[in-house]
Colleague: 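Dropping the structure in here first, questions after.
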Amino acid sequence: MTKFEQKVLKFCRKIPQGKVSTYKILAQAVGRPKAARAVGNALNKNKMPIKVPCHRIVKSNGQVGGYVKGQNSKIKLLRNELIKIKNGLIDLNSYLYPAPEKYKKL
DNA sequence: CCTGGGGCAGCCG
DNA sequence: ACGGCTGCCCCAG
């Protein structure tokens, strides 16, 4: 496992239950602002959803995004954490962590 | 709403 | 080591 992946997973674990983050934010957190896709790759490759709650990572536009066990599975997990999803969309204003300014203008 | 192109770590030949 | 392809993406038009 590479350094990059480790960083990604580590940040994942910091996300509190009931909150979500985005691939982009994760990318920024690991120092690779433009590597959102690579981040997704890392999460996908990890394949250890029990220890690493990668279901709390969604797209920056609020869509659910993909998941190893399927989007539907991901949605269930999120709902299970009291996160409301309307038609495949998550309200980032309410759930986003660490909540950057640009998402707070509601 | 849809289309196209960019950018990045990993994997494979 | 090298080049090309891929994928839980992002953003501008």
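Quick note on labels: first sequence line is chain A, next is B, and so on, each numbered from 1. In this text the structure is predicted, and so the values were computed from the model without any measurement.
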Colleague: Are Arg32(A) and dA9(B) close enough that a side-chain N or O sits under 4.0 Å from OP1 or OP2?
Modeller: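 For dA9(B), OP1 or OP2 has a side-chain N or O of Arg32(A) closer than 4.0 Å.
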
Colleague: Atom NZ of Lys69(A) and atom P of dC8(C): how far apart are they, to the nearest Å?
Modeller: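 The distance from NZ of Lys69(A) to P of dC8(C) comes to 16 Å, rounded to the nearest Å.
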
Colleague: Do Ser21(A) side-chain atoms and Tyr97(A) backbone N/O form a donor-acceptor pair below 3.5 Å?
Modeller: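 Yes: the side chain of Ser21(A) pairs with the backbone of Tyr97(A).
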
Colleague: May I ask you to evaluate whether Ser60(A) reaches the phosphate of dC11(C), defined as a side-chain N or O under 4.0 Å from OP1 or OP2?
Modeller: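 Result: yes.
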
Colleague: Have a look at Val68(A) and say if it touches a base, only the backbone sugar-phosphate, or nothing, with a 4.0 Å heavy-atom cut-off.
Modeller: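 If one applies the 4.0 Å heavy-atom cut-off, Val68(A) turns out to touch a base.
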
Colleague: From CD1 of Ile57(A) over to P of dC9(C), roughly how many Å is that when rounded to an integer?
Modeller: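 One finds 12 Å between P of dC9(C) and CD1 of Ile57(A), rounded.
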
Colleague: Heavy-atom nearest nucleotide on DNA chain C for Ala36(A) versus Asn41(A): which residue maps closer to 5'?
Modeller: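 Nearer the 5' end of the strand: Asn41(A).
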
Colleague: Can you tell which of dC8(C), dC8(B), dC10(C) lies closest to the side chain of Tyr67(A)?
Modeller: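 Closest nucleotide to the Tyr67(A) side chain: dC8(C).
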
Colleague: Tell me the partner of dT6(C), counting only Watson-Crick (N1-N3 plus N6-O4 or O6-N4) or G-U wobble (N1-O2 and O6-N3) with both under 3.5 Å; none if nothing fits.
Modeller: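 Here dT6(C) is engaged in a pair, and the nucleotide opposite it is dA9(B).
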
Colleague: Rounded to the nearest Å, what distance is computed from the CG atom of residue Leu78(A) to the P atom of nucleotide dC8(C)?
Modeller: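 Rounded to the whole Å, the gap is 17 Å.
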
Colleague: Give the rounded distance in Å between these two atoms: CG of Asn46(A) and P of dC11(B).
Modeller: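 Rounded to whole Å, this separation is 12 Å.
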
Colleague: To the nearest angstrom, how far is Ile75(A) atom CD1 from dC8(C) atom P?
Modeller: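 Checked: the CD1 to P distance equals 16 Å.
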
Colleague: Whole angstrom is fine here: how far is it from CG in Leu43(A) over to P in dC8(B)?
Modeller: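 After rounding, the reported distance stands at 18 Å.
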
Colleague: Whole angstroms only, please: what is the CG-P distance between Asn61(A) and dC1(B)?
Modeller: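 In whole Å, dC1(B) P lies 11 Å from Asn61(A) CG.
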
Colleague: Nearest 0.5 angstrom please: Lys45(A) NZ to Leu9(A) CG, how far?
Modeller: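 Answer for the NZ-CG pair, Lys45(A) versus Leu9(A), is 10.0 Å.
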
Colleague: Under 3.5 Å, side chain of Arg79(A) to main-chain N/O of Ile85(A), donor-acceptor pair present?
Modeller: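 At least one qualifying donor-acceptor pair exists.
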
Colleague: Tell me whether the side-chain N/O atoms of Lys59(A) come closer than 4.0 Å to OP1 or OP2 in dC10(C).
Modeller: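 No.
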
Colleague: Can you check whether Asn44(A) has a side-chain N or O nearer than 4.0 Å to OP1 or OP2 of dC8(C)?
Modeller: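 Asn44(A) to dC8(C) OP1/OP2: side-chain N or O found under 4.0 Å.
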
Colleague: Using a 6.0 Å cut-off, check whether atom NZ of Lys7(A) has over 12 heavy atoms from anything other than its own residue.
Modeller: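 12 or below, so no.
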
Colleague: Would you mind reading off the distance between Tyr23(A) atom OH and dC10(C) atom P, rounded to a whole angstrom?
Modeller: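 Value for this atom pair: 8 Å.
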
Colleague: Map Lys45(A) and Lys34(A) onto DNA chain B by nearest heavy atom, then report which one ends up closer to the 5' terminus.
Modeller: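 The residue mapped nearer the 5' terminus is Lys34(A).
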
Colleague: To check you understand the geometry: which heavy-atom pair defines the closest contact between Leu78(A) and His55(A), and what is its length?
Modeller: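 Nearest heavy atoms, Leu78(A) then His55(A): CD2-O, 3.2 Å.
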
Colleague: If you look at every strand shown and take non-hydrogen atoms under 4.0 Å, does Ala38(A) touch a base, only sugar-phosphate, or nothing?
Modeller: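 Base, at least one base heavy atom under 4.0 Å.
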
